[in-house]
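One-based numbering along the sequence shown. As the structure lists them, so they are numbered: ligands from 1, and atoms in each ligand from 1. Computed from a prediction, not measured in an experiment: that's the story for all the values here.
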Amino acid sequence: MSTETFVSSHPATGHEVGRFPITDSEQVERTVESAANAAIWWQALGWKARESKLLAWNALLTQRIDEISELISNETGKPVSDARLEATLAIGHLSWAAKHAHKVLGGDARPPGLLMANMGARVDRVPFGVIGVIGPWNYPLFTPMGSIAYALAAGNAVVFKPSEYTPAVALYLSSTLSEIVPEVPLLQVITGHGATGQALCRSKVGKIAFTGSTATAKKVAAVCAESLKPMIAECGGKDAVIVASDANLALAAEQTVWAAMSNAGQSCIAAERVYVERSVAAEFIRLSSQVAETLKPGSDAKSSYGAATMASQIDIVEAHIKDAITRGGRLVMGGEESVQRPYVYPVIIADVPEDSIAMTEETFGPTICINTVDSIDEAIRLSNESRYGLGASVWSKHHGDEIASKLHCGMVSVNSTFAFTAVASVPFGGVGDSGYGRIHGPEGLLEFTFARSVVSRRFKPPLSFTTFKRTAKTDSTIKRLVKILHGR
Ligand code: NDP
């Protein structure tokens, strides 16, 4: 048994939040075993009891929203008000998952077809048992809750490996559920580094729900492949914003800057690339600068956003800014001097070459690249050229839905930003390097179950073909029937 520990601390002040054990693979296995027993108990409770316990948990989290927001702020460095918004979104999802699990997963009758008319057919949705959740640090409550709430509502127990930057938030979450469900360890947290996450992938969990970088997702997928373990991969993005000439420019600029810079730009669905039509480009850039000029990072309540949670991310942000400028990008606001560790002040760069890393790779900082296009078709083409395909937003008074329908990504907000995160009934996830599988909504509930088809005989069939006693007459009747049904 490992006795090693690590600490998490406030990214700006360095103040230690707590010291946590590094869970080794033996402990991970034992945790998963106890979770498997918890899952049996949880499933035996039935839909109604599970719903009421999850809603009681949600009520407790709501009562303690200030406490948990403070903790999120301490470990991530984000302002408490942003942390509270994050907690509010997580609470909304837990409520939705709890209330809709029975309806979405409670069994589904299917028509058996004419040839099998004597059979009843249905599809059960069966929980995997234990789900291993691996979470990131940028939204340490909201993001894992997108898996945890839906996995629990579907009848699973959860073993959660949080990011090493945010273990205290995870432990707080599991301790509040223990208050509501003291009988069994329904949500257990294993703290540690990458090796602990890897041990979880190798353990006997039924499925892994991973959120983090594309590079780590590939490592996780490789380990899962050893045992054909299914997984969900929620990875990064390089989200595009399309601003058409008929857009409400002031609103588009205000919300795009927010989408790019809130949470210090550390959102997988952050606005990172803007494609704006030429006729309105100058005005959009002017309005965006006006908004960004008012922003100030810091660690007090008045700050627009906080420090970079992971100090090493600042090197990446700096490299992206440098590359964009070196390749001819035009600085509209800020520049290399905007990097003042642990903070990054707002940076806006225009006319950035499409092959600059600032345009191709996830920056995860409070920066935005704004490029001018000659047509919406060009904006769509460039948006779709990324190897990522997580989210996008479209600003157009008359063509928003039409543009959205041509985007190769998992989620689009039209004349709004991040809107799909707050609508619990729609799925969240991406394509390409942004991953696969979905959390949230009915699709998110389905992910944490597998389909079991049950087809049962209701009465004696007029024709029996699953028998060695099948006659020539039966064969010819079947042939005639198939021709009538499918041959014309
Ligand atoms: P990682 O992908 O490194 O980590 C995500 C989670 O996976 C963490 O809990 C991490 O643990 C764990 N992990 C690390 N290695 C392994 C492994 N081999 N097997 C199993 N689990 C593992 O993301 P980071 O948090 O380091 O952030 C790096 C980049 O990821 C960012 O620059 C950003 O681009 C992207 N990102 C995207 C997010 C999104 O929501 N799409 C969220 C966060 C980051 P530990 O923290 O202990 O290493």
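In this structure, F418 and W258 have perpendicular ring planes: the angle between them is above 60°, well past the 30° mark.
Between W137 and ligand 1, an N or O atom pair is found at a separation short of 3.5 Å. Taking distance alone, with nitrogen or oxygen atoms compared against 3.5 Å, T143 stays at or beyond that limit from ligand 1. In terms of polar-atom proximity, E164 is counted as a contact of ligand 1, with an N or O under 3.5 Å from an N or O of the ligand.
Contact annotation for F210 and ligand 1: only side-chain heavy atoms (C-beta onward) come within less than 4.0 Å of the ligand. With a 4.0 Å heavy-atom cut-off, ligand 1 is reached by no atom of A215. At a heavy-atom distance under 4.0 Å, atoms from both the backbone and the side chain of T211 approach ligand 1. When non-hydrogen atoms are compared, ligand 1 lies under 4.0 Å from the backbone of C235 (N, CA, C, O) but not from its side chain.
Ranked by closest heavy atom to atom 37 (C) of ligand 1, the top entry among C201, G194, G212 is G212. Across the listed options Q266, E234, Q198, Q198 owns the non-hydrogen atom lying nearest to atom 18 (N) of ligand 1. For the residues G132, S213, G197, G135, the heavy atom positioned nearest atom 9 (O) of ligand 1 is part of G135.
Crowding of Q340 atom CD: a count of heavy atoms from other residues, nucleotides or ligands under 6.0 Å exceeding 12.
A donor-acceptor pair is defined here as one N or O able to donate and one able to accept, closer than 3.5 Å; such a pair exists between the side chain of T449 and the backbone of L446.
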